[in-house]
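To start, the structure itself, in structure tokens.
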2 protein chains.
Amino acid sequence: MSNSIFQAKEFYDFLTGKAYTAISRRLHKNFREAGIDITSEQWSILYSLWEEEGLTQQELATRTFREKTAITRLINNLERSQLVIRVVDKADRRTNLIYLTKAGRSLKEKCLAQANKTLAEALIHVKDDHVRIAKDTLKTVYENLS
Amino acid sequence: MSNSIFQAKEFYDFLTGKAYTAISRRLHKNFREAGIDITSEQWSILYSLWEEEGLTQQELATRTFREKTAITRLINNLERSQLVIRVVDKADRRTNLIYLTKAGRSLKEKCLAQANKTLAEALIHVKDDHVRIAKDTLKTVYENLS
DNA sequence: TCCTTGTAGTTGCATATACAACTTTACAAC
DNA sequence: GTTGTAAAGTTGTATATGCAACTACAAGGA
């Protein structure tokens, strides 16, 4: 890309995460208002588990792009909230396999509804093809840097 | 926007801030490697002050889209690092005016160089017009939710 | 002058993150 | 088998965030 882009001062907002902060706060707010007591970070863990249970913490770290230390504490909190449980892998005693509890499983539909609501609120007045381009651009950014 | 967008599973990454996490980590890493001892959050405060000194904490909160409590602590840390100082406003003793120190002012060019480097690394293989659309989309998201 | 209301900033508490150092377990080389 | 190395997870420490409750000050009206 050319340097001309950098002339736009507002471009640095890319770096300060204003949009992400806004969306993350709104997601948390929507969860709260729907009576769901989880953070937006916990949501990303649960989302991975709704897709596939029995993941190791390392696998969750990779999929959610978080440090394994962050996963340790997120799982601590989710376990305290009785939404997931750690099960030591008998085949490899170094690893914990993370499973949803019944309560954790039952949150799925309500959470997805709030996630979709949040996206809809965020993307008012944004054309579909622009959403698609923004999404693809962020994906490329992520791939460039990870 | 239509619901078809939501079919794309990867779209939820929008909500988990993968791209922002990646860019924020890389920015911090680039600062460190350049011998600059600040976080990416502190950077956003300094950036505002390089544009205009003597802002109140509330004004910094508005411009960086952070809670005023976050600003209190960021300024605490920046003051401890001797990059900024609080000056009580004589005209309104409730407010602090935040000024850069000489050291804080001298970081500007080095920091901007690293910020530009980070953006360049993030946006390899992204077309200029896609960058522009992504930027505008994120701006709209921010405006929709704030 | 006193009272009410609003604003700026701080503090307490819970949560989340990064990095380094550590423990435990697995596994391959010898 | 013993040893060396690597991987998974945890813990300590520093930083950052959100929300609620608080203090201090300002400004307008009775």
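Chain A is the first sequence line, chain B the second, and so forth, proteins listed ahead of strands; every chain is numbered from 1. Basis for what follows: all heavy atoms, side chains included, without hydrogens, waters or symmetry-related copies.
A:Arg25 places its CZ atom 15 Å from the C1' atom of C:dT15, with the value rounded to the nearest Å. Atom CZ in B:Arg26 sits roughly 14 Å away from atom P in C:dA18 (whole-Å rounding). When rounded to the nearest whole Å, the span between CG of A:Asn76 and P of D:dG12 equals 12 Å. Atom P of nucleotide C:dT11 and atom CD of B:Gln57 are separated by 11 Å, given to the nearest angstrom. When the C1' atom of C:dC13 is taken as reference, atom CZ of A:Arg80 falls 13 Å away, rounded to whole Å. Counting to the nearest Å, the C1' atom of D:dT17 and the OH atom of A:Tyr20 are 11 Å from each other. Taking atom CZ of A:Arg86 as the reference point, atom P of D:dA8 lies 15 Å away to the nearest angstrom. Between the P atom of C:dA16 and the CH2 atom of A:Trp43 lies a distance of 15 Å, rounded to the nearest Å.
Under the rule for a salt bridge (Lys or Arg N to Asp or Glu O under 4.0 Å), the partners of B:Arg26 that lie at least two apart in sequence or sit in another chain are B:Glu121. The side-chain hydrogen bond (donor to acceptor under 3.5 Å, both in side chains) search around A:Glu67 returns none, not counting sequence neighbours. Under the rule for a salt bridge (Lys or Arg N to Asp or Glu O under 4.0 Å), the partners of A:Arg105 that lie at least two apart in sequence or sit in another chain are A:Glu53.
To the nearest 0.5 angstrom, B:Asn77 atom CG is 10.5 Å from B:Glu41 atom CD. Rounded to the nearest 0.5 Å, atoms CG (B:Asn30) and NZ (B:Lys117) are 4.0 Å apart. In this structure, the separation between CH2 on B:Trp50 and CG on B:Leu100 is 8.0 Å, given to the nearest 0.5 Å. The distance from the CD atom of B:Glu51 to the CG atom of B:Leu49 is 10.0 Å, given to the nearest 0.5 Å.
Within the 3.5 Å criterion, the main-chain N or O of A:Val131 finds no donor-acceptor partner in the side chain of B:Thr137. At least one donor-acceptor pair under 3.5 Å links the side chain of A:Thr101 to the backbone N or O of A:Gln82.
Within 6.0 Å of atom CZ in B:Arg93, 12 or fewer heavy atoms from other residues, nucleotides or ligands are found, so the atom counts as exposed in its surroundings.
Over its full length, the helix from C:dT1-D:dA30 to C:dC30-D:dG1 turns its helical axis through 0°, comparing axes from the five pairs at each end and rounding to 10°.
Within residues 31-38 of chain B, the residues having any heavy atom closer than 4.0 Å to DNA chain C are, in order of number, B:Arg32. Using a 4.0 Å cutoff on non-hydrogen atoms, the parts of residues 67-75 of chain B near DNA chain C are B:Lys68, B:Thr69, B:Thr72, B:Arg73, ordered by number. Interface residues of residues 89-108 of chain A facing DNA chain C, ordered by number: A:Asp92, A:Arg93, A:Arg94; criterion, heavy-atom separation under 4.0 Å.
Counting only N and O atoms by type, the side chains of A:Ser24 and A:Ser40 include a donor and acceptor under 3.5 Å apart. Side chains of B:Arg63 and B:Ser44: no donor on one and acceptor on the other come within 3.5 Å.
In terms of position along DNA chain D, the nucleotide closest to A:Leu55 lies nearer the 5' end than the nucleotide closest to the other residue of the pair A:Thr21 and A:Leu55. Nearest-nucleotide mapping onto DNA chain D: of B:Ser40 and A:Lys29, the residue sitting toward the 5' end is B:Ser40.
Cluster partners of A:Tyr142, using a side-chain heavy-atom cutoff of under 4.5 Å among ILVMFWY residues and allowing indirect links, are A:Phe65. B:Ile133 shares a hydrophobic cluster with A:Ile133; the chain of contacts runs through ILVMFWY side chains whose heavy atoms sit under 4.5 Å apart. Under a 4.5 Å side-chain heavy-atom cut-off, the cluster of Ile, Leu, Val, Met, Phe, Trp and Tyr residues that includes A:Ile85 is completed by A:Val87, A:Leu97, A:Tyr99.
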For nucleotides 2-5 of chain C, list the nitrogen or oxygen atoms of the protein found under 3.5 Å from its nitrogen or oxygen atoms, one pair per line.
none

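The stretch residues 80-89 of chain A participates, sequence neighbours left out, in these salt bridge (Lys or Arg N to Asp or Glu O under 4.0 Å) pairs: A:Glu79-A:Arg86.
Look at B:Asn77 and you'll find a side-chain N or O under 4.0 angstrom from OP1 or OP2 of D:dA16. OP1 or OP2 of D:dT17 has at least one side-chain nitrogen or oxygen of B:Arg66 nearer than 4.0 Å.
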Checklist entry - Checking salt bridge (Lys or Arg N to Asp or Glu O under 4.0 Å) for the pair A:Asp129/A:Lys127: CA distance, chi angles, key distance, verdict? => result CA-CA 6 Å; A:Asp129 59 323; A:Lys127 292 186 201 129; 5.9 Å; no

